[in-house]
Amino acid sequence: MANNLLVLQSDFGCVDGAVAAMTGVALQEAADLGIYHLTHDITPYNIFEASYRLFQTIDYWPSGTTFVSVVDPGVGSKRKSVVALTKNGQYIVTPDNGTLSYIKRHVGIAALREISEVKNRRRNTELSYTFHGRDVYAYTGAKLASGHISFEEVGPELAVDQIIELPEVATRIHDDTVFGAIDILDVRFGSLWTSITRAEFYALTPEFGERFEVTIYKDDMLVYQNQVTYGKSFADVRIGQPILYINSLYRLGLAINQGSFARAYNVGVGSNWRIAVKKI
């Protein structure tokens, strides 16, 4: 059951009125909504990043919370508009374009419904094709969060196994090396968050203070190779030194103490950025 909490995410930024318009539409539907912002600084058009940020955040919100995520390069096309009900009882209002990938794999989706845009769309917006974040998603999210509609009233049920998913790099463990991808940045600090889980890294039986050979490739091009200490926290190495650590999502991270690893070595994110960590 919805709990009157609405959390917004987009790639709109806050330099114009787009986010304020979405917020206003939600408050027109229910003036007592608690409206919060996950982020509006998703890299433009980056659906994978939107999916990851939902995964990073959603477990810390109560059951019944409604999330609206709008990173929608296919706006106005035939992609579906949906609401997903997670196994923990939260709702996600979003285009079905890959945004639900991480939630489906790592949180779980119990049910999925397609938004009926005849009933669940702001009036007199039928000829507007490029701002579904305002006209469909914020509007439907507010109706759902406020209890003005039930999940069943969103629209027809869809099969969960038909959700569009983005490819994910599978971790490989071979001999004394674990291989993965650099999924995303801890943006403000420039740390790299990899696809390698704590359990996968621990197949190498690491101990704090041990050094590992870390190699980073972009496609087939070597970008970085060095021996790096595995530590419990950043202070386990000197300022300016690299460190391997387990981040807040129990994934293997790579950072520079009080520096930006991404900026220092010009490292990006995505499936073409691969990392290998070898026990020395």
Side-chain angles (χ1 to χ4, degrees), residues 42-43 46-59 98-108 163-234 236-237 241-257 259-280:
I42 297 293
T43 304
N46 193 323
I47 296 166
F48 178 90
E49 189 176 330
S51 181
Y52 199 100
R53 295 307 181 199
L54 283 171
F55 162 65
Q56 180 184 352
T57 308
I58 199 167
D59 274 350
T99 297
L100 293 171
S101 299
Y102 253 78
I103 299 300
K104 182 183 175 187
R105 291 174 194 150
H106 302 291
V107 177
I163 289 172
I164 291 174
E165 295 184 65
L166 302 174
E168 186 175 333
V169 175
T171 300
R172 290 190 301 112
I173 302 170
H174 182 69
D175 294 335
D176 54 359
T177 306
V178 60
F179 301 87
I182 300 168
D183 275 345
I184 207 159
L185 298 182
D186 185 357
V187 178
R188 186 168 178 82
F189 301 103
S191 305
L192 313 183
W193 286 7
T194 78
S195 61
I196 301 166
T197 66
R198 179 185 185 277
E200 290 164 345
F201 177 57
Y202 266 60
L204 304 185
T205 62
E207 294 187 12
F208 294 126
E210 274 192 291
R211 294 173 71 80
F212 292 79
E213 183 181 82
V214 175
T215 308
I216 296 173
Y217 297 91
K218 182 183 182 184
D219 298 315
D220 294 326
M221 182 178 68
L222 178 66
V223 175
Y224 175 86
Q225 188 170 58
N226 202 356
Q227 292 186 12
V228 179
T229 299
Y230 171 53
K232 185 180 294 185
S233 69
F234 305 116
D236 286 350
V237 297
Q241 294 297 304
I243 185 169
L244 285 166
Y245 68 104
I246 301 299
N247 70 15
S248 58
L249 296 177
Y250 290 128
R251 262 81 178 160
L252 186 65
L254 181 59
I256 290 176
N257 185 17
S260 169
F261 197 104
R263 191 179 303 117
Y265 296 102
N266 198 27
V267 176
V269 301
S271 59
N272 61 327
W273 285 89
R274 302 298 179 103
I275 185 168
V277 180
K278 181 179 180 181
K279 191 178 182 72
I280 298 174

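Hydrogens, waters and symmetry mates are skipped; everything else that's a heavy atom, side chains included, is used.
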**OP:** Evaluate side chain to side chain contact (heavy atoms under 4.5 Å, CB included) for Ile256 paired with Phe261, printing each intermediate quantity in order.
**Re:** CA-CA 5 Å; Ile256 290 176; Phe261 197 104; 3.7 Å; yes
**OP:** Please assess Val214 against Ile275 for the test side chain to side chain contact (heavy atoms under 4.5 Å, CB included), listing each intermediate value before the final yes or no.
**Re:** CA-CA 7 Å; Val214 175; Ile275 185 168; 3.9 Å; yes
**OP:** Tell me, with the steps shown, if Ser271 and Phe48 meet side chain to side chain contact (heavy atoms under 4.5 Å, CB included).
**Re:** CA-CA 10 Å; Ser271 59; Phe48 178 90; over 6 Å; no
Subject >> Verdict with supporting geometry, Arg53 and Ile42, side chain to side chain contact (heavy atoms under 4.5 Å, CB included) >> reply: CA-CA 9 Å; Arg53 295 307 181 199; Ile42 297 293; 3.6 Å; yes
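In this structure, Asp219 places its CG atom where more than 12 heavy-atom neighbours from other residues, nucleotides or ligands lie under 6.0 Å away. The environment of CZ in Arg211 is crowded: more than 12 heavy-atom neighbours from other residues, nucleotides or ligands sit within 6.0 Å.
Considering every non-hydrogen atom in both Thr99 and Ile47, the closest pair reads N-CG2, 3.5 Å. Of all heavy-atom pairs spanning Leu204 and Thr177, the tightest one is CD2-N, 3.9 Å. Nearest heavy-atom pair, Val178 versus Phe201, reported as atom, atom and distance to 0.1 Å: CG1-CD1, 4.3 Å.
Using modelled atom types, one finds no donor on one side chain facing an acceptor on the other under 3.5 Å when comparing Tyr265 with Asn226. Arg251 and Thr197 are not linked by any side-chain donor-acceptor pair at a separation below 3.5 angstrom, with hydrogens and angles left out of the test. A side-chain donor-acceptor contact under 3.5 Å links Gln225 and Thr215.
Listed by chain and residue number, Arg105 satisfy the salt bridge (Lys or Arg N to Asp or Glu O under 4.0 Å) test with Glu168 (two or more places apart in sequence, or in another chain).
Under the 6.0 Å cut-off for aromatic ring centres, Phe208 and Tyr230 qualify, their centroids lying closer than that.
The only option from Asp236, Val237, Ile243 that meets the side-chain contact (heavy atoms from CB on, under 4.5 Å) definition with Asn257 turns out to be Val237. The only option from Leu252, Asp186, Leu185, Ile182 that meets the side-chain contact (heavy atoms from CB on, under 4.5 Å) definition with Trp193 turns out to be Asp186.
Looking at heavy atoms from C-beta onward, Phe55 lies in side-chain contact with Ile103 at the 4.5 angstrom threshold. Residues Phe189 and Phe234 have side chains not in contact (no heavy-atom distance under 4.5 Å, counting atoms from C-beta outward). With contacts defined as side-chain heavy-atom distances shorter than 4.5 Å, the pair Val269/Tyr52 does not qualify. Residues Tyr102 and Leu54 fail the side-chain proximity criterion, which asks for heavy atoms closer than 4.5 Å. At least one side-chain heavy atom of Gln227 sits under 4.5 Å from a side-chain heavy atom of Ile280.
Within the structure, salt bridge (charged side-chain N to carboxylate O under 4.0 Å, His left out) contacts touching residues 267-280 (residues at least two apart or in different chains) are Glu210-Lys279.
Taken from CG in Asp59 to CG in Leu249, the straight-line distance is 9.0 Å, to the nearest 0.5 Å. Separating the OH atom in Tyr202 from the OH atom in Tyr250 is a distance of 10.5 Å, to the nearest 0.5 Å. One distance of note links CG of Leu244 with OG1 of Thr229; it measures 8.5 Å at 0.5 Å rounding. Rounded to the nearest 0.5 angstrom, Leu254 CG and Ser191 OG are separated by 8.0 Å.
Without hydrogens or angle criteria, Ser260 side chain to Arg263 main chain gives a donor-acceptor distance under 3.5 Å. Of the possible polar contacts, one joining the Ser195 side chain to the Ala181 backbone as a donor-acceptor pair under 3.5 Å is found.
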